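Input: a single structure, listed below in structure tokens.
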2 protein chains.
Amino acid sequence: MRVVSEPATREVTRARIEAAALELFAERDFDAVTADELADAAGISRRTFFRHFATKADAVWGDFHAHVVRLQELLAATSEDQPVLASICAAYVEVNDYPGADLPLLRERMRLILTEPALQAHSQVRYADVDRVVAEHVARRTGCRPDSLVPRLVALSTRAAATTAFEAWLAGEGSLADDLHAAFDQLAGGFPTLR
Amino acid sequence: MRVVSEPATREVTRARIEAAALELFAERDFDAVTADELADAAGISRRTFFRHFATKADAVWGDFHAHVVRLQELLAATSEDQPVLASICAAYVEVNDYPGADLPLLRERMRLILTEPALQAHSQVRYADVDRVVAEHVARRTGCRPDSLVPRLVALSTRAAATTAFEAWLAGEGSLADDLHAAFDQLAGGFPTLR
DNA sequence: TTGCCCGGTGGCACTGGGTGCCACTAGCGT
DNA sequence: ACGCTAGTGGCACCCAGTGCCACCGGGCAA
């Protein structure tokens, strides 16, 4: 058993880079932190950094692909009785149900993604996967093609609801689940407060 | 009056760069075209290219800021009697009402923006301005703050509707106005086809 | 033990986007 | 003729990201 240094498996190194990235980006703007500094802070070389994350932005996102897969599984397991929008809302709530200890990290991650222009831009590419998964779910439920108007519109507007919920959650003090439900309720009701 | 070369005002050079960019990006992937090639094709130097457009992506967007300003003016001029969603839909239709001769160009532009990952990412930053303008309009109409949930949700989901309409328009043969109305109708009705 | 394989690593050179700086030129009013 | 200004080109520079190669460690078979 080692004492001084860990076995340094792939996961451990990845996690160390993520932690270092979140910390540095909390101090300075995304663009003001170079990949060299990121690598130094994680105790690795610049070249190794780019072996673990394809871009600087990816270091903020963690294993987002796993979330997309989980969302897909949740949607696939929904009951036919449940309204489509409700099933999507429930899946979004479920996939964003973090243990309380992880919330500060999630807050910082989302703050960066929603406010730093470079990360905001990058997010579009990551969210495209989410949109595809949701559109496929809607297409399955409605019997039309995944690239037709209704599935695409439901996918994009539910993601808009989720994004808005994250904005509200960041600005306020409530729970993310409440904000998600509030946004989805507005959407499903055709915005009842607008007369 | 010159015969050989035009006066080369700022606008003329800008337009020439835009045309060259659209042409080159139609032939090859966005990433496969270097700024040097873009500059060469426009008959200017690389350095001058970046004086007219801050990034390669901006060359595709033309004068998008003018569109945002126009959208803002249209929204400011809407009647209080009109439902909020309808006013936004009308403004989107109006601002995207191009003369028929410009439609091929618009198609190519939107195809690039919606399919090329780098441009898709960049679009998020440009659309943030649109979202701000729409959210302010909704806030004015509803009397709440522009960064609260409903204005933000309406802004983001109407933009989702517009984006979906563009996707449908690109895929099909109909008119953009029809696709916009179809998407906004779904949204305003709370997705009636989903039971 | 020796030799081999293999995953993770670091170094290095290179491409390409984007910027700061400086020098040049054409037009234009005085 | 003078200076002013906007637009330009060239150059050096920073930084993200990539391809290539060399190295190192641990497991594994002979």
Side-chain angles (χ1 to χ4, degrees), chain A residues 1-18 20-21 24-25 27-61 63 112 116-126, chain B residues 1-18 20-21 24-25 27-61 63 112 116-126:
Chain A
M1 187 205 262
R2 306 273 194 97
V3 177
V4 178
S5 69
E6 291 303 312
T9 76
R10 197 150 213 301
E11 295 311 312
V12 172
T13 307
R14 242 189 105 91
R16 194 160 49 211
I17 298 175
E18 274 183 50
L24 284 184
F25 293 147
E27 296 169 8
R28 306 207 297 279
D29 281 352
F30 181 81
D31 293 319
V33 180
T34 68
D36 281 290
E37 293 175 297
L38 239 32
D40 281 353
I44 53 168
S45 77
R46 164 191 168 76
R47 190 62 188 87
T48 295
F49 172 84
F50 283 113
R51 280 209 189 82
H52 286 268
F53 296 98
T55 69
K56 244 175 39 165
D58 284 307
V60 176
W61 283 78
D63 190 1
L112 288 168
E116 290 280 350
L119 290 171
Q120 210 176 325
H122 185 76
S123 72
Q124 194 63 12
V125 179
R126 307 303 300 254
Chain B
M1 189 206 262
R2 306 274 194 97
V3 177
V4 178
S5 69
E6 291 303 312
T9 76
R10 199 152 213 300
E11 294 312 311
V12 171
T13 306
R14 243 188 103 91
R16 192 159 50 208
I17 297 175
E18 275 182 51
L24 284 184
F25 293 148
E27 296 170 6
R28 306 207 296 279
D29 281 353
F30 181 81
D31 294 318
V33 179
T34 69
D36 282 288
E37 293 174 298
L38 239 31
D40 282 353
I44 54 169
S45 76
R46 162 192 169 77
R47 189 64 187 87
T48 295
F49 171 84
F50 283 114
R51 279 209 188 81
H52 287 268
F53 295 99
T55 68
K56 242 174 43 168
D58 283 307
V60 176
W61 283 79
D63 190 2
L112 287 168
E116 290 278 349
L119 290 171
Q120 209 176 324
H122 184 75
S123 73
Q124 193 64 12
V125 178
R126 308 302 301 252

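Here the structure is a predicted model, which is why all the values come from computation and not from measurement. Chain letters run A, B, ... following the sequence lines, proteins first and then strands; every chain starts at 1.
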key: Student check: side-chain heavy atoms of A/Ile17 and A/Thr13 closer than 4.5 Å   = yes
inquiry  = Using whole Å, what does the distance between atom C1' of nucleotide D/dA6 and atom CD1 of B/Ile44 come to?
reply    = 15 Å
inquiry  = I'd like to know if the side chain of B/Lys56 and the backbone of B/Phe30 have a donor-acceptor N/O pair within less than 3.5 Å.
reply    = yes
inquiry  = What is the separation between atom CZ on A/Arg14 and atom P on C/dG8, rounded to the nearest whole Å?
reply    = 12 Å
task = Might you point out which heavy atoms bring A/Ala41 and A/Leu24 nearest each other, and give the distance in Å?
result = CB-CD1, 3.8 Å
message = Once ring-ring contact (aromatic ring centres under 6.0 Å, His included) is applied, do any residues pair with A/Phe50, and if so which ones, sequence neighbours excluded?
response = none
request  = Under 4.0 Å from any atom of DNA chain C, heavy atoms only: list the residues of residues 30-43 of chain A that qualify, in numerical order.
outcome  = none
note = Tightest non-hydrogen contact, residues A/Pro117 and B/Val125, listed as O-CG2, 3.8 Å
request  = Compare side-chain N and O positions of A/Thr48 against OP1 and OP2 of C/dG11 and report whether any pair is under 4.0 Å apart.
outcome  = no
query = Using a distance-only test with no angle check, is there a side-chain donor-acceptor pair under 3.5 angstrom linking A/His122 and A/Asp58?
reply = yes
query = Could B/Asp40 and B/Arg46 be called an ion pair, given the rule that one side-chain N must be under 4.0 Å from one carboxylate O?
reply = no
task = Establish, with yes or no, whether the OP1 or OP2 oxygen of C/dG10 is under 4.0 angstrom from a side-chain nitrogen or oxygen of A/Ser45.
result = yes
ask   = Does A/His52 have a side-chain nitrogen or oxygen under 4.0 Å from the phosphate oxygens OP1 or OP2 of C/dT9?
value = yes
request  = Ignoring the backbone of A/Arg10, work out which of C/dG10, D/dG9, C/dG8 is nearest its side chain.
outcome  = C/dG8
message = Please confirm whether the shortest side-chain N or O distance from A/Thr9 to OP1 or OP2 of C/dG8 is below 4.0 Å.
response = no
ask   = Mind checking whether A/Phe53 and A/Arg14 have side chains closer than 4.5 Å, heavy atoms only?
value = yes
note = With B for base contact, S for sugar-phosphate-only contact and - for none (protein heavy atoms under 4.0 Å), nucleotides 18-23 of chain C reads BBBBB-
